[in-house]
Protein chains: 2
Amino acid sequence: MSQMQNVEKQLREMILGLEVGPGERLTERWIESRFGASRTPVRAALLRLETEGLVCRDGRGWTVSPINLAELEQIAVYREAVEVAALRLTCALEDRSAVDIIEAMLDSCDAGTPREEWHRVGMDFHIELARASGNEFLFRAVRDAMTRLSRARWLEVRDEAALGRAWAEHHAILEAVRAGDAAEAARRLSAHIVGSRDRLVTSLHNDRRGLRARGFAVVAA
Amino acid sequence: MSQMQNVEKQLREMILGLEVGPGERLTERWIESRFGASRTPVRAALLRLETEGLVCRDGRGWTVSPINLAELEQIAVYREAVEVAALRLTCALEDRSAVDIIEAMLDSCDAGTPREEWHRVGMDFHIELARASGNEFLFRAVRDAMTRLSRARWLEVRDEAALGRAWAEHHAILEAVRAGDAAEAARRLSAHIVGSRDRLVTSLHNDRRGLRARGFAVVAA
DNA sequence: GATACCATTTTGGGATACCAAGCCGGTATC
DNA sequence: GATACCGGCTTGGTATCCCAAAATGGTATC
């Protein structure tokens, strides 16, 4: 793999994995030495990550994008629009076998599964559901939205019960899709997204002090 | 303005203005000499334009993105989802004064207005309508979709009547928004988008030979 | 005449040198 | 002691150089 894609990938993982905190300043020289690459691939990576919303300009200079509660709420509205549209398309397909694969993915998580895996699968559920629609733009929109939400969802304090509820909602959505009931599937998905948003925003809002203590920038709604 | 933004802006205008044809190969060195910039800003511009879908990689190397009929159809579905969502938000606002500004924009076009202006205003109608929703992500989605559609819409052979019909539909949509009738506004907007798509795709499909003759790459649906 | 092969050129990817602007610290003056 | 000013240092922006790989074109061979 070329150095350019490598820097981009590694830096993205560092940001998503919170190894560099939201709001932290980034210098091209630091990234350069950190990954042993020169500034050309570093700049390419930063430009790409900027379009993904993971880094942003800070006057002259770069910052890891802060967690923005207002943005999270706007993304939820956006997600709802594109995910529901994708879901309706999927329900209209003759071949809905992708649903089985997605369901298997959900079922691969059990009590012994590490938290990161639950986190990843929880996002992939939505991403793969969108991919199944066959519409590249809806798919990308959902994938990008989930990327933007990723860090916030990771920081969310979730109890076992909340996780179980989310999984039950995921299964219920798939069930409606399998039955080809687009209206019901859309209703369930919308409710799931709105519920997720509320839990996420209140969790982060309540824990704001703790997050700030960890050096994470959280800008209020 | 910095050289970097300059190259990006100028190159984007060349592409959108069809001064470089869809499917044409681009070399970094040509862009460099064309705009009197060095390769660093040229690369930054290409990376940005790639995410906008205006240029794409061609193995090693760059090409101006071809007109892709399948993509145009997918974008129409995507547009419908995000534009309708934005419209519903706008209808729910107390302050819908943006509608008046948008209407004035439409009315600024008359018989003496050059075609480029009709073209621009026709896109801005949708973009500004999305912006009025206040949701940054829906707005960006619409703007990006319109950018991707821009060249195809420019190549579309449109008669006076079709343009008049589009304007009438625009006005009808605004009327419903002003009345706060979200359901009716959504219906009209959906119909408008679907109609636009059909006219666009059939027009380009019929004119495919002519476009190829002008050296424009058009990949079929 | 077609084709396979080799030299040359072109091209994008990467590295590095240079510059101007902004930030920070120190110092001198009041 | 506070503040204004100055100089060095850091940083992103730009230009340029180098390299490997791929395209190109010409030639020799069959």
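Letters go in sequence order (proteins before strands), and every chain restarts at 1.
Looking at Leu129(A), Leu138(A), Val82(A) one by one, the single match for side chain to side chain contact (heavy atoms under 4.5 Å, CB included) with Leu87(A) turns out to be Leu129(A).
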Protein heavy-atom contacts under 4.0 Å, written 5' to 3' over nucleotides 16-22 of chain D as B (base), S (sugar-phosphate only) or - (none), form the string BBB--B-
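Residue Ile31(B) is classed as having no contact, given no heavy-atom separation below 4.0 Å to the nucleic acid.
Between Arg57(A) and dG13(D) there is a side-chain N or O to OP1 or OP2 distance below 4.0 Å.
Per the geometry, CG belonging to Leu47(B) stands 13 Å off P belonging to dG12(C), to the nearest Å. The distance between atom CZ of Phe35(A) and atom P of dG14(C), rounded to the nearest whole Å, is 15 Å. Residue Asp58(A) contributes atom CG, which lies 19 Å from atom P of dT10(D) at whole-angstrom precision. The distance between atom CZ of Arg25(A) and atom C1' of dT11(D), rounded to the nearest whole Å, is 9 Å. Atom P of nucleotide dC19(C) and atom CD of Glu28(A) are separated by 19 Å, given to the nearest angstrom. Across the protein-nucleic acid pair, Leu46(A) atom CG and dG12(D) atom C1' stand 11 Å apart, rounded to whole Å.
With sequence neighbours excluded, the residues forming a salt bridge (Lys or Arg N to Asp or Glu O under 4.0 Å) with Glu128(B) are Arg131(B), listed by chain and number.
Ring planes of His192(A) and Phe125(A): perpendicular class, angle over 60° (limits at 30 and 60°).
Nucleotide dC30(C): paired with dG1(D) (Watson-Crick or G-U wobble, both distances less than 3.5 Å).
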Would Arg148(A) and Glu52(A) count as a side-chain contact (heavy atoms from CB on, under 4.5 Å) if you check the C-alpha gap in whole Å, the side-chain angles of each, and the deciding distance to 0.1 Å?
-> CA-CA 7 Å; Arg148(A) 281 184 141 92; Glu52(A) 294 181 34; 5.7 Å; no
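Gln74(A) and Asn135(B) get closest at one heavy-atom pair: O-ND2, 3.1 Å.
Sorted by first then second residue, the side-chain hydrogen bond (donor to acceptor under 3.5 Å, both in side chains) pairs that include residues 14-25 of chain A, not counting sequence neighbours, are Arg25(A)-Asp58(A).
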